[in-house]
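Just so you know, these numbers come straight off a predicted model, no measurement behind them.
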Amino acid sequence: LALRDLGPVETLVLGDFTAQFGQGVALWQGLRLGKGRDPVSPVLQDGRGVLPYRSASEANYFRGVAVTVGLPSAFSVTAFASLRHRDASIDSSLAELSGPSAPIPVRTISAGGYHRTPSELARKGTFGETTVGGAVEYRGSSLHVGTAGYRSRFDRPLRPGDAPYRRFRVAGRRASMLTAYATAYMDDYTVFGEVARAPGGVYGGLLGAALDAGDIADVILLGRWYPPELENFHGNAFGGGGRPQNERGIYTGLRLRVAQKWSLAAYFD
């Protein structure tokens with residue numbers, strides 16, 4: 001159930017919802033386009049806050065209640081709470097080490113949503129996640145500024161294992177992230193950025209600028225810095241990997257209109 005524009009309440013969602021804030025370094029659920037046919041538009045994002053969930057995927061959303069309240073002078077406050085059980089693979093090899101009363105750790109979280117075979121049924125709803133979070137935003141005509149964060153608690157500890165590619169994944173019983181972001185619109189130019197902080201005190205983020213030259217060209221330049229230690233459970237920012245982590249890069253995209261029905265598009269990362 002989603003309600004909008006009820007006096008000061010801009011959005012109220014009961015049930016499944018997504019949260020999108022800033023450029024997605026800390027908190028972005030749902031579809032996000034990357035490099036491809038359009039090298040400019042998908043790079044610059046503007047989070048839409050909380051939205052009712054409409055996809056068939058069983059992975060990337062919250063379940064609970066979310067509300068956004070408008071305040072005077074273009075400010076708004078968002079708060080949300082979620083409780084859901086996700087599919088996950090329990091690491092039975094750690095059962096004896098966990099103790100007789102401790103929950104068995106989880107190695108990987110499943111995102112497919114299929115429950116066809118005995119092994120898939122065994123993963124169904126084994127990982128409970130409780131998340132609370134919120135945001136404060138200012139959305140003026142030429143400046144958008146905000147800060148957002150969340151904190152999650154798991155009913156089983158995450159033990160991603162010792163493989164090198166799993167070394168910096170979220171582990172333990174908790175996950176959290178705090179971020180600040182801004183977008184400034186100056187005629188044909190747009191400057192944007194976001195800085196997020198992980199629980200261990202590690203910072204990461206991105207900074208970019210875009211030029212919209214009307215009927216001539218669109219150009220964007222973006223630098224990103226995502227340290228390996230930037231443990232993130234709900235982020236989905238621009239990058240080459242599946243999550244904003246373990247990347248340093250500079251990206252530039254160009255879309256040039258060479259004739260009435262022809263354009264030239266290119267990017268370098």
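- In terms of modelled atom types and a separation under 3.5 Å, the side chain of Asn232 and the main chain of Val25 share a donor-acceptor contact.
- Using a 4.5 Å heavy-atom cutoff, the side chains of Gln29 and Tyr53 are not in contact.
- Of all non-hydrogen atoms in Arg197 and Met177, the two that sit nearest each other are O-SD, 3.1 Å.
- With hydrogens and angles ignored, the 3.5 Å screen pairs a side-chain donor or acceptor of Arg84 with a backbone N or O of Tyr61.
- Around atom CZ of Arg151, no more than 12 heavy atoms belonging to other residues, nucleotides or ligands sit under 6.0 Å away.
- The CG atom of Asn246 lies 11.5 Å from the CZ atom of Arg169; values are rounded to the nearest 0.5 Å.
- For the pair Leu12/Val50, no side-chain contact is recorded, criterion being any heavy-atom separation below 4.5 Å from C-beta on.
- Between the side chain of Glu194 and the main chain of Gly24, a donor-acceptor pair closer than 3.5 Å is present.
- With respect to Arg86, the side chain to side chain contact (heavy atoms under 4.5 Å, CB included) criterion is satisfied by exactly one of Thr126, Ile109, Val106: Ile109.
- Not one N or O on the side chain of Thr78 forms a donor-acceptor pair closer than 3.5 Å with the backbone of Gly134.
- Side-chain atoms of Gln20 never come within 3.5 Å of backbone atoms of Gly49 as a donor-acceptor pair (strictly under, hydrogens ignored).
- Note that OG of Ser263 is 8.5 Å distant from CG of Leu256, once rounded to the nearest 0.5 Å.
- Under a 3.5 Å cut-off, the side chain of Ser82 and the backbone N or O of Arg63 do form a donor-acceptor pair.
- With a 4.5 Å cut-off on side-chain heavy atoms, Phe192 and Leu222 count as touching.
- Of all heavy-atom pairs spanning Gly113 and Glu58, the tightest one is O-OE2, 3.5 Å.
- Grouping the Ile, Leu, Val, Met, Phe, Trp and Tyr side chains by contacts below 4.5 angstrom, directly or via other members, places Val40 with Leu44.
- A salt bridge (Lys or Arg N to Asp or Glu O under 4.0 Å) with Arg255 is found for exactly one of Asp212, Asp215, Asp38, namely Asp38.
- Residues Gln23 and Pro244 have side chains not in contact (no heavy-atom distance under 4.5 Å, counting atoms from C-beta outward).
- Using a distance-only test at 3.5 Å, with no hydrogens or angles considered, a donor-acceptor pair links the side chain of Arg156 to the main chain of Ile104.
- When all heavy atoms are compared, the tightest approach of Ala198 to Glu229 is CB-O, 4.2 Å.
- Between the side chain of Arg166 and the backbone N or O of Pro160, at least one donor-acceptor pair lies under 3.5 Å.
- Heavy atoms of other residues, nucleotides or ligands lying less than 6.0 angstrom from CZ of Arg248 number 12 at most.
- If you chain together hydrophobic residues whose side chains sit under 4.5 Å apart, Phe62 and Val67 never meet in one group.
- For Glu247 (side chain) and Gly240 (main-chain N/O), a donor-acceptor pair under 3.5 Å exists by modelled atom type.
- Contact record, Ser152 with Glu129: OG-OE2, 3.3 Å, taken as the closest heavy-atom pair.
- The two atoms that bring His85 and Gly128 nearest to each other are CD2-CA, 3.7 Å, heavy atoms only.
- To the nearest 0.5 Å, atom CZ of residue Arg257 and atom CH2 of residue Trp262 are 16.0 Å apart.
- Under the 6.0 Å distance and 45° angle rule, Arg243 does not count as a cation-pi partner of Tyr226.
- The structure places OG1 of Thr190 at 8.5 Å from CD1 of Ile220, a figure rounded to the nearest 0.5 Å.
- Although no hydrogens or angles enter the test, the distance criterion places no donor-acceptor pair under 3.5 Å between the side chain of Thr183 and the main chain of Val145.
- Residues Arg174 and Arg153 are in side-chain contact: their nearest non-hydrogen atoms beyond the backbone lie under 4.5 Å apart.
- With a 4.5 Å cut-off on side-chain heavy atoms, Val13 and Thr11 count as touching.
- Of the listed residues (Asp188, Ile216, Asp218), just one forms a side chain to side chain contact (heavy atoms under 4.5 Å, CB included) with Leu211, and that residue is Asp188.
- For the ring-ring contact (aromatic ring centres under 6.0 Å, His included) with His144, the qualifying choice from Phe75, Tyr181, Tyr185 is Tyr185, the only one to do so.
- Aromatic ring centres of Phe233 and Phe154: separated by under 6.0 Å.
- Minimum interatomic distance between Ser89 and Ser110 (heavy atoms only, all atoms of both residues): OG-OG, 4.2 Å.
- Trp28 and Leu206 fall into different hydrophobic clusters, where Ile, Leu, Val, Met, Phe, Trp and Tyr residues are linked whenever their side-chain heavy atoms come under 4.5 Å apart, directly or through other members.
- Note: Arg123 CZ to His115 NE2 = 8.5 Å, rounded to the nearest 0.5 Å.
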- Message: Between Thr131 and Phe80, does the side chain to side chain contact (heavy atoms under 4.5 Å, CB included) criterion hold? Intermediate values first, please.
- Response: CA-CA 8 Å; Thr131 302; Phe80 62 87; 4.2 Å; yes
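- In this structure, Phe17 is not a member of the same hydrophobic cluster as Leu1, with clusters built from ILVMFWY side-chain heavy atoms closer than 4.5 Å.
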- Item | Worked check of side chain to side chain contact (heavy atoms under 4.5 Å, CB included) between Arg224 and Asp269 | CA-CA 11 Å; Arg224 63 189 186 275; Asp269 192 3; 3.2 Å; yes
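- From Gln245, atom CD reaches atom CZ of Phe168 across 8.0 Å, with rounding to the nearest 0.5 Å.
- A continuous path of ILVMFWY side-chain contacts below 4.5 Å connects Phe238 to Tyr267, so both sit in one hydrophobic cluster.
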